Visitor: 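My structure is below; once you've seen it, I'll send some questions.
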Amino acid sequence: MPELPEVETIRIGLQKYLVGHIIKDITINLPKQLSGDTKAVIGARVVVVKRFGKGLVIELDNGYSITAHVKMTGQLLYKEPYLSKQVIAGNAKVSMTSLPDKYTHVIFYLDKGAILFYRDVRQFGWIKIVRSDLVASQPYFKKLGPEPLRDLTFEQFQVILQKRKTPIKQLLMDQSLIAGIGNIYANDALFVSRIHPQRPANSLSEEEQKNLLHAIEQVLKKGIEVGGASEWSYVDALGKSGRYQNYFQVYRKHSQPCPRCGSEIQVIRLGGRGTFFCPKCQK
DNA sequence: CCAGCAGCCTGTGCGC
DNA sequence: TGCGCACAGGCTGCTG
(Lines give C-alpha, C1' and ligand atoms only; values in the text may rest on other atoms or scores of the structure.)
Protein backbone atom coordinates (compact mmCIF):
# COMPACT_ATOMS: atom_id res chain seq x y z
CA MET A 1 0.00 0.00 0.00
CA PRO A 2 1.60 3.13 -1.17
CA GLU A 3 2.83 5.43 1.56
CA LEU A 4 5.23 8.34 1.32
CA PRO A 5 8.19 6.37 -0.13
CA GLU A 6 6.04 4.54 -2.70
CA VAL A 7 4.25 7.70 -3.84
CA GLU A 8 7.58 9.53 -3.96
CA THR A 9 8.95 6.76 -6.18
CA ILE A 10 5.97 7.11 -8.51
CA ARG A 11 6.53 10.87 -8.51
CA ILE A 12 10.17 10.51 -9.48
CA GLY A 13 9.22 8.26 -12.40
CA LEU A 14 6.46 10.55 -13.62
CA GLN A 15 8.71 13.61 -13.26
CA LYS A 16 11.31 11.90 -15.41
CA TYR A 17 9.05 10.55 -18.14
CA LEU A 18 5.88 12.64 -18.15
CA VAL A 19 7.21 16.19 -18.09
CA GLY A 20 7.05 17.81 -21.53
CA HIS A 21 4.32 15.52 -22.83
CA ILE A 22 1.08 16.98 -24.17
CA ILE A 23 -2.22 15.35 -23.26
CA LYS A 24 -4.14 14.62 -26.45
CA ASP A 25 -7.18 12.77 -25.21
CA ILE A 26 -8.75 10.90 -22.27
CA THR A 27 -10.69 7.66 -22.05
CA ILE A 28 -12.74 7.15 -18.91
CA ASN A 29 -13.77 3.56 -18.23
CA LEU A 30 -14.92 4.03 -14.64
CA PRO A 31 -16.30 7.54 -14.18
CA LYS A 32 -16.38 7.47 -10.37
CA GLN A 33 -12.57 7.40 -10.26
CA LEU A 34 -12.17 10.66 -12.13
CA SER A 35 -13.75 13.97 -11.25
CA GLY A 36 -13.36 17.65 -11.99
CA ASP A 37 -13.00 19.48 -15.27
CA THR A 38 -11.69 16.58 -17.33
CA LYS A 39 -11.85 18.49 -20.64
CA ALA A 40 -9.44 21.08 -19.25
CA VAL A 41 -6.40 18.81 -19.63
CA ILE A 42 -6.74 18.29 -23.37
CA GLY A 43 -3.96 20.09 -25.23
CA ALA A 44 -2.06 20.97 -22.06
CA ARG A 45 1.58 20.14 -21.41
CA VAL A 46 2.95 18.57 -18.21
CA VAL A 47 5.23 20.98 -16.36
CA VAL A 48 6.12 19.31 -13.06
CA VAL A 49 5.00 16.44 -10.79
CA LYS A 50 4.73 17.10 -7.05
CA ARG A 51 3.86 15.05 -4.00
CA PHE A 52 2.12 16.07 -0.79
CA GLY A 53 1.68 13.30 1.76
CA LYS A 54 0.43 10.33 -0.26
CA GLY A 55 -1.12 12.60 -2.88
CA LEU A 56 0.27 13.40 -6.34
CA VAL A 57 -0.11 16.62 -8.29
CA ILE A 58 0.69 16.70 -12.00
CA GLU A 59 0.86 20.37 -12.96
CA LEU A 60 -0.02 21.43 -16.48
CA ASP A 61 0.96 24.57 -18.39
CA ASN A 62 -2.61 25.88 -18.64
CA GLY A 63 -3.27 26.47 -14.96
CA TYR A 64 -4.81 23.07 -14.29
CA SER A 65 -3.47 20.08 -12.34
CA ILE A 66 -4.22 16.38 -12.30
CA THR A 67 -4.34 15.36 -8.63
CA ALA A 68 -4.39 11.71 -7.59
CA HIS A 69 -4.42 9.39 -4.61
CA VAL A 70 -3.76 5.72 -5.36
CA LYS A 71 -4.92 4.46 -1.93
CA MET A 72 -3.98 0.75 -1.71
CA THR A 73 -4.10 -0.78 -5.15
CA GLY A 74 -3.97 2.17 -7.51
CA GLN A 75 -1.22 2.39 -10.11
CA LEU A 76 -0.28 5.34 -12.27
CA LEU A 77 1.59 3.86 -15.18
CA TYR A 78 3.49 5.48 -18.00
CA LYS A 79 4.07 3.57 -21.15
CA GLU A 80 5.48 4.25 -24.55
CA PRO A 81 6.13 1.73 -27.31
CA TYR A 82 9.91 1.64 -27.21
CA LEU A 83 9.94 1.30 -23.41
CA SER A 84 7.97 -1.95 -23.26
CA LYS A 85 10.95 -4.27 -23.38
CA GLN A 86 12.89 -2.30 -20.78
CA VAL A 87 9.92 -2.36 -18.44
CA ILE A 88 9.55 -6.11 -18.52
CA ALA A 89 13.23 -6.48 -17.70
CA GLY A 90 12.58 -4.55 -14.51
CA ASN A 91 10.99 -7.51 -12.69
CA ALA A 92 7.52 -6.07 -13.09
CA LYS A 93 4.73 -7.79 -11.20
CA VAL A 94 2.36 -6.57 -13.85
CA SER A 95 3.31 -7.47 -17.37
CA MET A 96 3.18 -4.12 -19.11
CA THR A 97 2.62 -5.80 -22.45
CA SER A 98 -0.89 -6.87 -21.45
CA LEU A 99 -1.85 -3.41 -20.28
CA PRO A 100 -4.13 -1.49 -20.21
CA ASP A 101 -6.43 -4.24 -18.92
CA LYS A 102 -9.86 -4.53 -17.31
CA TYR A 103 -8.64 -2.81 -14.14
CA THR A 104 -7.54 0.24 -16.11
CA HIS A 105 -10.10 2.91 -15.38
CA VAL A 106 -8.64 6.06 -16.91
CA ILE A 107 -6.27 6.51 -19.86
CA PHE A 108 -4.53 9.75 -20.84
CA TYR A 109 -3.27 9.63 -24.42
CA LEU A 110 -0.11 11.66 -24.84
CA ASP A 111 1.90 12.87 -27.79
CA LYS A 112 4.56 10.60 -29.38
CA GLY A 113 2.35 7.55 -28.81
CA ALA A 114 2.85 7.47 -25.05
CA ILE A 115 0.07 6.90 -22.53
CA LEU A 116 -0.45 7.50 -18.84
CA PHE A 117 -3.06 5.26 -17.32
CA TYR A 118 -4.69 4.67 -13.99
CA ARG A 119 -5.21 1.08 -12.91
CA ASP A 120 -6.89 0.17 -9.61
CA VAL A 121 -8.21 -3.26 -8.69
CA ARG A 122 -10.13 -2.14 -5.60
CA GLN A 123 -11.22 1.19 -7.05
CA PHE A 124 -10.51 3.10 -3.84
CA GLY A 125 -8.24 5.69 -5.37
CA TRP A 126 -9.18 8.87 -7.16
CA ILE A 127 -8.07 11.32 -9.80
CA LYS A 128 -9.33 14.86 -9.67
CA ILE A 129 -8.68 17.62 -12.16
CA VAL A 130 -8.62 21.03 -10.54
CA ARG A 131 -7.18 24.50 -11.10
CA SER A 132 -3.60 24.54 -9.82
CA ASP A 133 -4.24 27.51 -7.55
CA LEU A 134 -7.02 25.54 -5.82
CA VAL A 135 -5.09 22.30 -5.18
CA ALA A 136 -3.96 23.34 -1.71
CA SER A 137 -7.55 24.02 -0.68
CA GLN A 138 -8.85 20.63 -1.83
CA PRO A 139 -10.14 18.46 1.06
CA TYR A 140 -7.30 15.93 1.00
CA PHE A 141 -4.43 18.39 0.55
CA LYS A 142 -5.91 21.01 2.85
CA LYS A 143 -5.72 18.90 5.99
CA LEU A 144 -2.24 17.43 5.54
CA GLY A 145 0.19 17.96 8.39
CA PRO A 146 3.92 18.70 7.96
CA GLU A 147 6.07 16.44 5.77
CA PRO A 148 8.79 14.32 7.33
CA LEU A 149 12.06 14.67 5.33
CA ARG A 150 10.84 18.10 4.18
CA ASP A 151 9.56 20.42 6.87
CA LEU A 152 8.79 18.48 10.04
CA THR A 153 11.11 19.80 12.74
CA PHE A 154 11.81 18.14 16.07
CA GLU A 155 10.11 21.05 17.85
CA GLN A 156 6.95 20.55 15.78
CA PHE A 157 7.07 16.80 16.34
CA GLN A 158 7.37 17.32 20.07
CA VAL A 159 4.35 19.63 20.16
CA ILE A 160 2.27 17.14 18.15
CA LEU A 161 3.11 14.31 20.56
CA GLN A 162 2.79 16.26 23.78
CA LYS A 163 -0.75 17.37 23.05
CA ARG A 164 -2.25 13.90 22.68
CA LYS A 165 -2.70 10.69 24.60
CA THR A 166 -3.65 8.68 21.49
CA PRO A 167 -1.59 5.51 21.00
CA ILE A 168 1.60 6.64 19.27
CA LYS A 169 1.08 4.40 16.25
CA GLN A 170 -2.34 5.84 15.48
CA LEU A 171 -0.94 9.33 15.84
CA LEU A 172 1.85 8.62 13.35
CA MET A 173 -0.72 7.51 10.78
CA ASP A 174 -2.95 10.56 11.23
CA GLN A 175 -2.36 12.49 8.00
CA SER A 176 -3.56 15.74 9.51
CA LEU A 177 -0.76 15.62 12.09
CA ILE A 178 2.10 14.21 9.99
CA ALA A 179 1.78 13.58 6.25
CA GLY A 180 2.71 10.37 4.46
CA ILE A 181 3.20 7.68 7.10
CA GLY A 182 1.08 4.52 6.74
CA ASN A 183 0.95 1.13 8.39
CA ILE A 184 4.25 -0.30 7.12
CA TYR A 185 6.51 2.59 8.07
CA ALA A 186 4.69 3.31 11.35
CA ASN A 187 5.27 -0.29 12.48
CA ASP A 188 8.90 -0.31 11.42
CA ALA A 189 9.75 3.14 12.82
CA LEU A 190 8.38 2.12 16.22
CA PHE A 191 10.40 -1.07 16.14
CA VAL A 192 13.59 0.76 15.21
CA SER A 193 13.08 3.26 18.05
CA ARG A 194 12.02 0.47 20.47
CA ILE A 195 8.72 2.09 21.35
CA HIS A 196 5.56 0.08 22.00
CA PRO A 197 2.80 1.03 19.49
CA GLN A 198 0.19 1.41 22.25
CA ARG A 199 2.16 3.96 24.26
CA PRO A 200 0.19 7.18 24.75
CA ALA A 201 1.86 9.77 22.51
CA ASN A 202 2.35 12.18 25.40
CA SER A 203 4.15 9.57 27.50
CA LEU A 204 7.32 9.55 25.39
CA SER A 205 10.44 10.99 26.95
CA GLU A 206 12.44 13.56 25.00
CA GLU A 207 14.99 10.92 24.12
CA GLU A 208 12.26 8.62 22.84
CA GLN A 209 10.80 11.45 20.79
CA LYS A 210 14.19 12.07 19.22
CA ASN A 211 14.75 8.39 18.55
CA LEU A 212 11.31 8.05 16.98
CA LEU A 213 11.67 11.02 14.66
CA HIS A 214 15.07 9.76 13.63
CA ALA A 215 13.62 6.28 13.02
CA ILE A 216 10.80 7.72 10.91
CA GLU A 217 13.30 9.58 8.74
CA GLN A 218 15.50 6.51 8.52
CA VAL A 219 12.77 4.09 7.37
CA LEU A 220 11.23 6.59 4.94
CA LYS A 221 14.63 7.34 3.37
CA LYS A 222 15.39 3.64 3.09
CA GLY A 223 11.97 3.10 1.51
CA ILE A 224 12.63 5.74 -1.14
CA GLU A 225 16.17 4.47 -1.70
CA VAL A 226 14.94 0.97 -2.59
CA GLY A 227 11.93 2.10 -4.59
CA GLY A 228 9.18 1.46 -2.04
CA ALA A 229 7.52 -1.67 -0.69
CA SER A 230 5.79 -4.01 -3.14
CA GLU A 231 4.07 -6.21 -0.60
CA TRP A 232 0.73 -5.82 -2.36
CA SER A 233 0.18 -4.40 -5.80
CA TYR A 234 2.44 -1.39 -5.65
CA VAL A 235 4.63 -0.68 -8.67
CA ASP A 236 6.26 2.54 -9.83
CA ALA A 237 5.37 4.62 -12.89
CA LEU A 238 7.10 2.13 -15.18
CA GLY A 239 5.54 -0.96 -13.61
CA LYS A 240 8.62 -1.86 -11.60
CA SER A 241 8.43 -3.36 -8.10
CA GLY A 242 10.17 -1.90 -5.08
CA ARG A 243 12.36 -3.81 -2.63
CA TYR A 244 11.49 -2.43 0.80
CA GLN A 245 9.47 -5.57 1.62
CA ASN A 246 12.88 -7.27 1.97
CA TYR A 247 13.71 -4.83 4.75
CA PHE A 248 10.54 -5.17 6.85
CA GLN A 249 11.59 -5.47 10.47
CA VAL A 250 8.23 -6.38 12.03
CA TYR A 251 5.53 -5.53 9.51
CA ARG A 252 3.57 -8.73 8.80
CA LYS A 253 6.24 -10.75 10.64
CA HIS A 254 3.97 -12.00 13.43
CA SER A 255 4.89 -15.41 14.88
CA GLN A 256 8.39 -14.94 13.50
CA PRO A 257 11.44 -14.23 15.66
CA CYS A 258 12.34 -10.62 16.37
CA PRO A 259 15.38 -9.66 14.26
CA ARG A 260 16.93 -8.06 17.33
CA CYS A 261 16.22 -10.35 20.29
CA GLY A 262 14.60 -13.48 18.88
CA SER A 263 11.33 -13.10 20.80
CA GLU A 264 8.16 -13.85 18.90
CA ILE A 265 6.69 -10.86 17.04
CA GLN A 266 3.15 -10.14 18.19
CA VAL A 267 0.19 -8.86 16.21
CA ILE A 268 -2.66 -6.80 17.64
CA ARG A 269 -5.28 -4.54 16.15
CA LEU A 270 -4.92 -0.85 16.83
CA GLY A 271 -7.41 1.54 15.31
CA GLY A 272 -8.59 -1.30 13.11
CA ARG A 273 -5.15 -1.89 11.62
CA GLY A 274 -2.76 -4.78 11.93
CA THR A 275 -0.04 -3.73 14.36
CA PHE A 276 3.20 -5.70 14.64
CA PHE A 277 5.80 -5.37 17.37
CA CYS A 278 8.29 -7.17 19.55
CA PRO A 279 6.91 -7.32 23.11
CA LYS A 280 10.40 -7.61 24.54
CA CYS A 281 12.26 -4.87 22.60
CA GLN A 282 9.47 -2.33 22.41
CA LYS A 283 8.50 -0.74 25.70
C1' DC B 1 -14.78 17.95 19.73
C1' DC B 2 -13.02 13.46 19.40
C1' DA B 3 -12.85 8.45 19.08
C1' DG B 4 -14.69 4.60 16.82
C1' DC B 5 -16.40 2.36 13.04
C1' DA B 6 -19.05 1.35 8.58
C1' DG B 7 -18.50 1.75 3.85
C1' DC B 8 -16.05 1.78 -0.33
C1' DC B 9 -14.02 -2.82 -3.36
C1' DT B 10 -12.11 -7.34 -4.90
C1' DG B 11 -8.24 -10.75 -4.90
C1' DT B 12 -6.17 -13.82 -1.74
C1' DG B 13 -5.89 -17.40 1.39
C1' DC B 14 -7.84 -20.01 4.70
C1' DG B 15 -11.08 -23.76 6.56
C1' DC B 16 -14.15 -27.25 5.51
C1' DT C 1 -11.49 -29.53 -5.84
C1' DG C 2 -14.37 -25.97 -4.91
C1' DC C 3 -17.04 -23.21 -2.21
C1' DG C 4 -17.77 -19.46 1.19
C1' DC C 5 -16.07 -16.09 3.92
C1' DA C 6 -12.93 -13.25 6.63
C1' DC C 7 -9.39 -10.22 5.72
C1' DA C 8 -6.47 -6.40 3.88
C1' DG C 9 -6.20 -1.32 3.51
C1' DG C 10 -6.54 4.86 3.44
C1' DC C 11 -9.71 7.90 3.83
C1' DT C 12 -14.50 9.97 4.31
C1' DG C 13 -18.46 10.60 6.68
C1' DC C 14 -21.51 9.28 10.12
C1' DT C 15 -22.62 8.19 14.97
C1' DG C 16 -22.27 8.17 20.00
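Chain identifiers are assigned alphabetically (A, B, ...) following the order of the sequence lines, protein sequences preceding nucleic acid strands; residue numbering begins at 1 within each chain. Note that the structure is predicted; figures quoted are calculated from it, not measured.
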Visitor: Please determine, by modelled atom types, if A/Tyr185 and A/Gln218 share a side-chain donor-acceptor pair under 3.5 angstrom.
Guide: no
Visitor: If I take atom CD1 in residue A/Ile268 and atom C1' in nucleotide C/dA8, what distance separates them, rounded to the nearest angstrom?
Guide: 17 Å
Visitor: For the side chain of A/Gln170, starting at C-beta, report the closest nucleotide among B/dG4, C/dG9, C/dC11.
Guide: B/dG4
Visitor: Measure from the side chain of A/Thr166, starting at C-beta and using heavy atoms only, and say which of B/dG11, B/dA3, B/dC9 lies closest.
Guide: B/dA3
Visitor: Going by distance alone, is a donor N or O of one side chain under 3.5 Å from an acceptor N or O of the other, for A/Lys169 and A/Asn183?
Guide: yes
Visitor: For the side chain of A/Met173, counting heavy atoms from C-beta on, which of C/dG10, C/dT12, B/dA3 is nearest?
Guide: C/dG10
Visitor: Measure the distance from CG on A/Asp120 to C1' on C/dG10 and round it to the nearest whole Å.
Guide: 12 Å
Visitor: Can a side-chain donor-acceptor contact be found between A/Tyr118 and A/Asp120 if the only test is distance below 3.5 angstrom?
Guide: yes
Visitor: Taking the basic N atoms (NZ, or NE/NH1/NH2) and the acidic carboxylate oxygens, is any pair closer than 4.0 Å for A/Lys54 and A/Glu6?
Guide: no
Visitor: Just compare C/dA8, C/dT12, B/dC9 and give me whichever is closest to any side-chain atom of A/Tyr140.
Guide: C/dT12
Visitor: Please state how far atom CD in A/Gln175 lies from atom P in C/dG9, giving the value in whole angstrom units.
Guide: 15 Å
Visitor: Looking at B/dC9, I'd like to know if its phosphate oxygens (OP1 or OP2) sit under 4.0 Å from a side-chain N or O belonging to A/Lys71.
Guide: no
Visitor: Among B/dT10, C/dC11, B/dA3, which nucleotide sits nearest the side chain of A/Gln123?
Guide: B/dT10
Visitor: Does a side-chain N-to-carboxylate-O contact under 4.0 Å join A/Asp111 and A/Lys24?
Guide: no
Visitor: Donor-acceptor pair under 3.5 Å: do we get one between A/Arg273's side chain and the base of C/dA8?
Guide: no
Visitor: Rounded off to whole Å, could you give me the CG-to-P distance for the A/Asn183 and C/dC7 pair?
Guide: 16 Å
Visitor: To the nearest angstrom, how far is A/Met72 atom CE from B/dG11 atom C1'?
Guide: 12 Å
Visitor: Just wondering, do A/Phe124 and C/dC11 stack (centres under 5.5 Å, planes under 30°)?
Guide: no
Visitor: Rounding to a whole Å, what distance do you find between A/Phe248:CZ and C/dA8:C1'?
Guide: 13 Å
Visitor: Can you measure A/Leu177 atom CG to C/dC11 atom P for me and round it to whole angstrom units?
Guide: 13 Å
Visitor: Please give, in whole Å, the distance from C/dT12 C1' to A/Lys54 NZ?
Guide: 14 Å
